[in-house]
Amino acid sequence: MIRHALQAAQAAGDLPPFDLPETIPVTRSAKPELGDYASPVAMQLAKAARRKPLEIAQAIAAHVDTSADFVQSFEAAPPGFLNIRLSDAWLRAQIDAMIAAGDDVFALEIGRGQKAQVECVSANPTGPITVGRTRGGVIGSTMANLLAALGYTVEMEYYFNNAGRQMQLLGLSLQARYRQALGQPVDLPEGGYQGDYLVDIARELVEQHGDALKDESWEYFKGQAEAAMFRRIRASLDRINIHFDVFFNENSTYEDGSVWKVLEGLEERGYVYRAVNREGAPPEEIAKTPPDAKDAVWFRSTKLGDDEDRVLVKSNGEPTYALPDIAYHIHKLERGFTYLINVLGTDHIIEAQTVARGLQVLGYDPEPVHVLLHQFVTLVEGGETRRMSTRRGEYVTLDELVEDVGADVVRYFILGRSPNSHLEFDLDLARQQANENPVYYIQNAHVRCAGIFRQAEERGLTDEGADLSLLGERELAFVRKLLEMPEVMVQAYEDLGPHRLAFYALDLARMFHPMYDAVRVLHSDVPEDVAKARLRLYGAARVVFRRLLKLMGMSALEIM
RNA sequence: GCCCCUGUAGCUCAGCGGAUAGAGCAGCCGCCUUCUAAGCGGUUGGCCGGGGGUUCGAUUCCCUCCAGGGGCGCCA
């Protein structure tokens, strides 16, 4: 619209000729009384046009075509902004549109016909899900919900590894716990898993099998431990609405040989060498390596901007995580996903970079792979932080947290912070079921909408035949706020920031509650026609709150 | 050593290139006879960590310094 006006103004000689910018910036207006949208183009063009910004803005405003039904006004304002106001009639029409869309309100078409995948959590089954891993799961599942709302067909995937020393240790630890459960005086292996969950699993095994397993190998116990852990992990995640479609075992990249194909591919392209130490290793690093050390296989990632080369195959012949992870990502790309999100803690940043470089070398376009890194979580209680370690058995599990504060609170507290900020989970605040706690504030907005409809039904009031022109300025201001939601969704998608939904929800609730207080439906002074119009407005509010809560994986309660 | 994150109201945090920087909590003053007060109204409170730069314009981008937090294995 502005572009056309610029061209028209130039054609009419009101503006001198100059190149138009590729995109015309238009943003939400900072001050609602000035308009709904604003564009600062005129100020950017001042130099090229050699005119004062305000004059340019006025020239644009004079030539703009305001016949579109959604535009009320289009004005130039000092120092050079163009302010655009939406028409009331159009806003009112959106109320009906939102209600008609219902649970699909603000469904977008960005990802239509495309497959997306979100990988998150991906903890090996050596223990219960902890609060730290939960953050990735909440972020990932929210992004998955969002992608679905944008039209993508979405899969949630969990990548795990059930080989290696840690799993062996888990098997040995369960074996020891089983024998202890039989009354044998056995110690846990050195560095073994001390958590009580293995004691529970051991007891279950005794209940089912008695002492029949006393001579089984650690491999057998590893299998038992793995199966039991996955049952628990899935159940824990289910409680906070994190559901996986696929559990991908790293081992399958060995079974189909793709791990070795990756290595061959990298080698053919000259990115691999064998040596005891990486090239360019400093003397102190070389000094630390034992004299009898064998060669490892190195990835020459420095050729791609890395600051040191990375090990692909250890000197004992086993690959590190990098090779299977590259193979796994190739597998993902070949499954036809055009948009992939990999939710990782920041400690995995090197891993993500190595994978991206590996893909690049092998001729795959890493562009569809989006890495969403998040910082760590600490729990704060009574002003003190609680440190966690899975191996030492010191941690707060997701289950404990959910029992303590509830699933919705867990999700919202995690979502309410930008992924790349450290999250201090304040248990004292989370436990409060009061106004300080934003979760209840937001949910109460939905509850209140539901309450109005419940009461209206009892009194025989419906919104049938509502005349929305009876709504006032305050109500239309709220409609404007509702209509921001798709913009928030797109922004959350583009910058991988699901926290934007959480903040928007809180913002919307803060606008809702004062209105609820002032704009009554069932009140003796409210004429029936006004009541009908307002009831319909609350219908739209209910639909939007419900959609928001569902996107965040929270429950939309009818009654608190 | 290298890398990441964070310094915005007393506290917890939004805003991350645009018009006079926003919320909540805490503080103070009020509001329950009609949709649950888990609510509402009012009010106090900011050299946007310091210093340079880029820009018509910087809380927002770049550099640097200061202060906190966290990562960085031939573990995954």
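These values consider heavy atoms only, across backbone and side chains, with no hydrogens, waters or symmetry-generated copies. The chains referred to below are lettered A, B, ... by the order of the sequence lines, with proteins before strands, and numbering in each begins at 1.
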Does [X] reach a base, just sugar-phosphate, or nothing at all? Heavy atoms under 4.0 Å.
X: His513(A); result: sugar-phosphate
X: Glu250(A); result: sugar-phosphate
X: Asp295(A); result: nothing
X: His348(A); result: base
X: Ser315(A); result: base
X: Arg534(A); result: nothing
X: Phe503(A); result: sugar-phosphate
X: Val26(A); result: nothing
X: Pro514(A); result: sugar-phosphate
X: Ala38(A); result: base
X: Arg165(A); result: nothing
X: Arg510(A); result: sugar-phosphate

Exercise for review: Mark this stacking check for Tyr516(A) against G39(B) as yes or no, applying ring centres under 5.5 Å and ring planes under 30°.
Suggested key: no
Review point. Is the ring centre of Tyr440(A) under 5.5 Å from the base ring centre of A38(B), and are the two planes under 30° apart, so that they stack?
Key: yes
Point to revise | Selection from U36(B), C74(B), C35(B) that lies nearest to any side-chain heavy atom of Arg454(A) | key: U36(B)
**Study point:** 5′-ward residue of the pair Lys294(A)/His499(A) relative to RNA chain B
**Key:** His499(A)
Review point. When the nearest nucleotide of RNA chain B is assigned to Ile349(A) and to Ala509(A) on a heavy-atom basis, which residue is associated with the more 5' position?
Key: Ile349(A)
Review point. For A37(B), what is the paired nucleotide under Watson-Crick or G-U wobble rules, both distances under 3.5 Å?
Key: none
Review point. In the structure shown, which nucleotide is the Watson-Crick or G-U wobble counterpart of C2(B), with both distances under 3.5 Å?
Key: G71(B)
Review point. Using 30° and 60° as the class limits, which term best fits the ring planes of Phe248(A) and Tyr328(A): parallel, tilted or perpendicular?
Key: tilted
Review point. How close or far is atom P of G1(B) from atom CD of Glu285(A), stated in whole angstroms?
Key: 17 Å
Check your understanding: Between the side chains of Arg417(A) and His422(A), does any donor sit under 3.5 Å from an acceptor?
Key -> no
